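Report on one structure; see the data block that follows.
Residue numbers begin at 1 in each chain, while the letters A, B, ... track the order of the sequences. Being a predicted model, the structure only gives us computed values, none of them experimental.
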Number of protein chains: 2
Amino acid sequence: MLHAVTDIDTSETLTERQKAVLDAALRLLVEEGDQLTMTAVARRASCSKETLYKWFGDRDGLLTATVQWQASKVRVVPVDRKGLDLASLTASLERFASDWLKVISSDTSIALNRVAVGHASSGKDDLGAIVLENGRFALARRLKPVLEAGKEAGFLEFSDAETAFRTFFGLVARDVQIRLLLGDRLELTDAAIGGDAVRATQQFLALYGAKTGPRGL
Amino acid sequence: MLHAVTDIDTSETLTERQKAVLDAALRLLVEEGDQLTMTAVARRASCSKETLYKWFGDRDGLLTATVQWQASKVRVVPVDRKGLDLASLTASLERFASDWLKVISSDTSIALNRVAVGHASSGKDDLGAIVLENGRFALARRLKPVLEAGKEAGFLEFSDAETAFRTFFGLVARDVQIRLLLGDRLELTDAAIGGDAVRATQQFLALYGAKTGPRGL
DNA sequence: TCAATAGCGTACCGTACGTTACGGTTCGTA
DNA sequence: TACGAACCGTAACGTACGGTACGCTATTGA
C-alpha cells in the first residue's frame with residue numbers, strides 16, 4: 001500500500017516509540033546505505049517486523065517516513081528582519097552558506113541524498129521530491145526574503161530573486177555535494193567551511209552588490 | 001573476481017561484439033536504472049548470461065565496464081591555444097559551460113551518476129571514482145590550461161587555478177545536477193543552456209577578470 | 001570432412017530479503 | 001484477576017535474481 005507522501009507534519013502523528021524506530025532506521029541508513037534490510041531495522045530498533053509493516057506499510061513506506069522524519073527535525077529559525085545594514089546582510093549570507101555547507105557535508109545528508117537519488121531512477125516513490133523540498137527548495141524559501149530585503153535596502157541589485165539565489169547556491173556548493181555523493185573523500189573542516197562561506201558571500205556581493213546603493217562593490 | 005578498474009584504455013581491448021553488449025547495457029541502464037538484471041542485459045544484447053560472466057566476471061564488473069566504456073566514448077578534442085584574445089577566451093569559457101551543462105543534463109550522465117552514487121554507499125567498487133575522474137576532474141584538467149593561458153595573457157587574475165575552476169564550476173552547474181539526480185523535472189532547452197553559459201561566463205569574468213590587464217571588468 | 005572453439009538459449013541452484021504468520025509477553029483497563 | 005490490545009522475537013513462505021551448467025548451432029582451421 002502506498003502511504004501519502006505529501007503529509008508535512010508527520011512529526012505530530014508519530015508516537016515517541018515510532019520516532020525512536022525511525023531514528024534507528026536513520027542511523028542504519030547512514031551506516032549501511034540503501035541496502036539496509038527490514039530485519040536489520042527491526043533488530044536495531046528492538047521491534048518486530050510485524051510492527052514495522054503495520055506502522056509503515058512496506059519498505060518504501062519506512063524509507064519515506066524516515067526521510068520525512070529527518071526532514072521534520074531540521075526546522076530552522078526564521079531570520080529576523082530587523083535593522084538591516086551591509087554588515088548584517090553579509091553576516092546572514094555567510095551564515096546561510098556555512099549552514100548549507102555543513103548540511104550537505106554531513107553523513108546524514110549524504111546518506112539520505114544517496115538513497116533518494118537511487119530511488120529517483122524508478123519513480124516509485126517521491127523520496128527525491130521530499131529531499132529536494134526540504135533541502136534546496138527550503139533553502140531558497142528562507143534565503144529569498146533576505147535577498148529581497150537586501151534589495152529593498154539598496155544593497156543588492158537583481159531582477160530575479162530565483163536567479164540570484166541559484167548563483168549564490170552555485171558559489172557556495174560548487175562541486176562539493178556531487179563529489180561527496182560520488183564517494184570522494186573531502187573532509188571539510190569547520191575552518192574550511194567558514195572560509196568558503198566568506199569567499200562565496202564576497203563573490204556574491206561582487207556580482208549582485210548595488211553599485212549605487214549605500215555601498216557599492 | 002574483481003577486475004582492475006584503473007585500466008584507462010579499455011576501449012582497445014574490447015571486441016566489437018563486446019562494445020555492442022556494453023552499449024546494450026548502457027541503454028538498459030538509462031532506461032531502468034540500477035535495477036537492471038543480468039538476464040535483462042543478456043536478452044537485450046542477444047547474448048547468453050554465461051558470456052556476460054566470462055567477459056566481465058560478475059555484475060559489478062559489467063557495471064564497471066559499462067561506465068568505463070561510456071567514459072571512453074567522450075574523449076574530447078583538446079583546446080587549441082592559438083592566438084588568445086578576450087573574445088576567444090570568452091568563447092572558450094562559454095563553450096565549456098555549454099558542453100558541461102549538456103553533459104550533466106543528458107539521460108546517460110544522469111543514469112550513470114545515479115548508479116555510481118548508489119554504489120558509493122557501500123564502497124565495493126570504484127564507480128564513483130570513475131565517474132568523477134571522467135567527469136568533474138577531466139573537466140578541470142581541460143579547463144585549467146585555458147585559465148592559465150588567460151592569466152598569462154593578462155585577462156584573468158587568480159592565485160589558485162583550482163579555486164578559480166571550482167568557482168566557474170559552481171557558476172555553471174549551480175543546482176542543476178543535484179536536482180536532476182533527485183528526479184526534478186527540469187528540461188534544459190538549447191536556448192536555456194546557451195543563456196546560462198553566457199551568464200556564467202560573464203559572472204566568472206566579473207569575478208576573475210583582470211582589472212589591470214588589456215581589459216578590465 | 002571433421003574436430004574444436006565461441007557463443008546463444010535456457011534450465012537450474014542457492015541465497016537474500018520482503019512479507020506474513022504465530023506463539024509468548026507486557027501493559028492498560030474493567 | 002481477567003481480558004484484550006499492542007508488540008516482541010522468530011520461524012516460515014515466496015520470489016527475484018546472481019551465478020552456473022548444459023545442450024545446441026555456427027564458424028574456423030587442418
Side-chain angles (χ1 to χ4, degrees), chain A residues 1-3 5 13-29 31-67 69 111 114-115 118-119 121-125 127, chain B residues 1-3 5 13-29 31-67 69 111 114-115 118-119 121-125 127:
Chain A
M1 178 195 313
L2 266 181
H3 286 223
V5 293
T13 67
L14 292 175
T15 67
E16 290 307 312
R17 178 75 179 113
Q18 287 172 328
K19 292 177 187 176
V21 169
L22 290 182
D23 273 327
L26 195 56
R27 262 178 287 128
L28 219 43
L29 208 59
E31 293 172 18
E32 306 194 8
D34 197 12
Q35 76 276 19
L36 87 149
T37 67
M38 298 297 278
T39 301
V41 173
R43 188 158 41 218
R44 176 69 69 98
S46 293
C47 74
S48 72
K49 290 205 276 181
E50 190 172 27
T51 301
L52 290 183
Y53 283 99
K54 180 187 296 185
W55 285 349
F56 307 109
D58 57 7
R59 187 175 181 277
D60 280 338
L62 173 64
L63 248 35
T64 302
T66 304
V67 172
W69 166 233
R114 279 183 180 155
V115 172
H119 279 236
S121 18
S122 72
K124 287 192 307 180
D125 45 27
L127 286 189
Chain B
M1 179 194 315
L2 266 181
H3 286 222
V5 294
T13 67
L14 293 174
T15 67
E16 290 306 311
R17 179 72 181 116
Q18 287 172 326
K19 293 177 187 174
V21 169
L22 291 182
D23 274 327
L26 195 56
R27 260 177 288 127
L28 218 44
L29 209 59
E31 293 172 19
E32 307 193 7
D34 197 12
Q35 78 276 19
L36 85 143
T37 66
M38 298 298 279
T39 303
V41 173
R43 188 159 39 221
R44 175 68 70 97
S46 292
C47 73
S48 71
K49 286 208 287 178
E50 191 170 26
T51 302
L52 290 182
Y53 284 101
K54 181 186 297 184
W55 285 350
F56 306 109
D58 57 6
R59 187 174 182 277
D60 280 339
L62 173 64
L63 248 35
T64 302
T66 303
V67 172
W69 166 234
R114 280 182 180 157
V115 172
H119 279 235
S121 19
S122 72
K124 287 191 308 180
D125 44 28
L127 286 189

Euclidean distance, atom CG of residue B:L62 to atom P of D:dG19 [Å, nearest integer]: 10 Å

Residue whose nearest DNA chain C nucleotide is more 5′ - A:E50 or A:T37: A:T37

Side-chain N,O (B:T51) to OP1/OP2 (C:dC8) below 4.0 Å: yes

Length of the CD-P vector between B:Q35 and C:dC17, whole Å: 17 Å

Distance test, side-chain N/O of A:R59 to OP1/OP2 of C:dA16, below 4.0 Å: no

Spacing between B:E32 atom CD and D:dA16 atom P, to the nearest angstrom: 14 Å

N or O in side chain of B:T39 less than 4.0 angstrom from D:dC17 OP1/OP2: no

Separation of C:dC17 P from A:K49 NZ (nearest whole Å): 10 Å

Side chain proximity check, B:T39 to B:K49, heavy atoms < 4.5 angstrom: yes

Beyond-backbone contact of A:H119 with A:D60, side-chain heavy atoms, under 4.5 angstrom: yes

Side chain proximity check, A:L63 to A:F56, heavy atoms < 4.5 angstrom: no

Atom-pair distance (CG on A:D58; P on C:dG18), nearest Å: 11 Å

5' priority, DNA chain C, between B:V21 and A:M38 [closest heavy atom]: B:V21

For atom OH of B:Y53 and atom P of C:dA11, their distance in whole Å: 17 Å

Side-chain N or O of B:W55 closer than 4.0 Å to phosphate OP1/OP2 of C:dA6: no

B:K54 NZ to D:dA21 C1', straight-line distance once rounded to whole Å: 13 Å

Verdict with supporting geometry, A:R59 and A:L36, side chain to side chain contact (heavy atoms under 4.5 Å, CB included): CA-CA 10 Å; A:R59 187 175 181 277; A:L36 87 149; 4.1 Å; yes

Distance in angstrom units between B:R17 CZ and C:dG7 C1', rounded: 9 Å

Side chain to side chain contact (heavy atoms under 4.5 Å, CB included) assessment of B:Q18 paired with B:W69: CA-CA 10 Å; B:Q18 287 172 326; B:W69 166 234; over 6 Å; no

